[in-house]
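Working notes, beginning with the structure itself.
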Amino acid sequence: MILLGVNIDHCATVRQARYRSYDQTAPGPVEPDPVALAVLAERAGADGITIHLREDRRHIQEHDVWRLKDVATTRINLEMACTPAMIDFALRVKPHSVCVVPESREEISTEGGLDVVARRSQVKACVDAMNDAGIVTSLFIDAEPAQIDLSAELGAPWIELHTGAWANAWHTPRRAVEFARLRDGAFRAHAAGLIVNAGHGINYDNVADIRTLPHVHELNIGHTIVSRALATGIEEAVREMKKRMNA
Ligand code: PXP
């Protein structure tokens with residue numbers, strides 16, 4: 001059974017489009033509320049909620065994380081950059097897991113995996129701090145042997161394979177190549193003792209392929225679920241994704 005982490009960032013993106021300058025913790029017209037969406041997603045069967053507190057706070061705000069912490073009944077997976085400020089924040093919030101992602105201010109969403117090899121010492125500091133605090137670290141990486149091997153060597157218990165390149169290649173001949181890369185990476189990571197998650201660009205159609213990846217523990221999915229929720233409501237959107245993930 002593959003688990004589903006629902007990423008609620010895009011709900012916050014819609015809120016920020018209108019209410020960026022409001023005090024969003026005070027009663028008033030501020031909508032939509034990503035935390036309320038998360039509660040409904042959990043009710044419909046989400047196994048965890050993923051939120052990305054970006055350095056520029058373009059969607060999720062710190063108060064969202066604290067409010068989610070108060071009401072979540074499943075697991076919180078905090079996506080974050082590998083910086084001292086974010087490590088400090090995670091140690092205060094104590095989510096179930098952190099997913100360490102690369103971050104650059106220009107990108108609309110996360111593009112490309114974390115370069116664990118190039119950022120070895122920072123990633124190690126983060127993994128050590130989380131291990132000491134009992135927080136699971138997941139490293140969001142491309143399915144490259146060097147990245148996978150070093151993730152295991154640094155003591156991260158989980159990785160999340162970046163499925164974006166494969167999703168982008170869906171209508172091209174590269175799709176099979178990218179899928180083979182993910183499959184090989186999943187085998188390699190599992191053999192190295194890592195728990196294997198996957199995410200980015202997964203949707204209601206391509207999930208039929210991604211669920212055949214070996215050893216996948218959890219999928220983190222955002223855009224397609226929030227998009228479908230506009231028409232069907234979040235509960236139906238979550239239920240349908242869970243059905244397709246484990247058909
Ligand atoms: N996993 C990670 C690490 C991400 O950064 C994102 C995008 O925020 C996702 C999963 C979800 O991607 P999508 O919104 O394309 O489903």
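Whatever order the structure lists ligands and atoms in, that order sets their numbers, starting from 1.
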Taking the inter-plane angle between the rings of His200 and His162 on a 0 to 90° scale, is it parallel (under 30°), tilted (30 to 60°) or perpendicular (over 60°)?
perpendicular

Begin from the C-alpha positions of Ser138 and Glu160 and carry the test side chain to side chain donor-acceptor pair (under 3.5 Å) through to its verdict.
CA-CA 6 Å; Ser138 177; Glu160 181 171 323; 4.7 Å; no

Under 3.5 Å between any N/O of Asn220 and any N/O of ligand 1: does that happen in this structure?
no

Lys/Arg-Asp/Glu bridge criterion (N-O < 4.0 Å) met for Arg181, Asp142
no

With a heavy-atom distance limit of 4.0 Å, tell me whether Glu79 approaches ligand 1 through its side chain, its backbone, both, or neither.
side chain

Do the side chains of Arg228 and Glu236 get close enough for a salt bridge, i.e. N-O under 4.0 angstrom?
no

Does an N or O anywhere in Ile202 fall below 3.5 Å from an N or O of ligand 1?
no

Short list, please: which atoms of ligand 1 are under 4.0 Å from a heavy atom of His223?
13 (P), 14 (O), 16 (O)

Quick check: does Gly222 get an N/O under 3.5 Å from an N/O on ligand 1?
yes

Please verify the inter-ring angle class for Phe89 with Trp66; under 30° counts as parallel, over 60° as perpendicular, anything in between as tilted.
perpendicular

Counting only heavy atoms, which portion of His52 has something under 4.0 Å from ligand 1: side chain, backbone, both, or neither?
neither

Of all heavy-atom pairs between Ala169 and Arg175, which one has the smallest distance, and what is that distance?
O-CB, 3.2 Å

Considering the heavy atoms of Val101, write down every atom of ligand 1 situated less than 4.0 Å from one of them.
3 (C)

So if I count the atoms of ligand 1 from 1 in the order they appear, which ones are less than 4.0 Å from some heavy atom of Ile221?
16 (O)

Could you tell me whether Thr224 and ligand 1 have an N or O pair separated by under 3.5 Å?
no

How many angstroms lie between CD1 in Ile225 and CD1 in Ile8, if you round to the nearest 0.5 Å?
11.5 Å

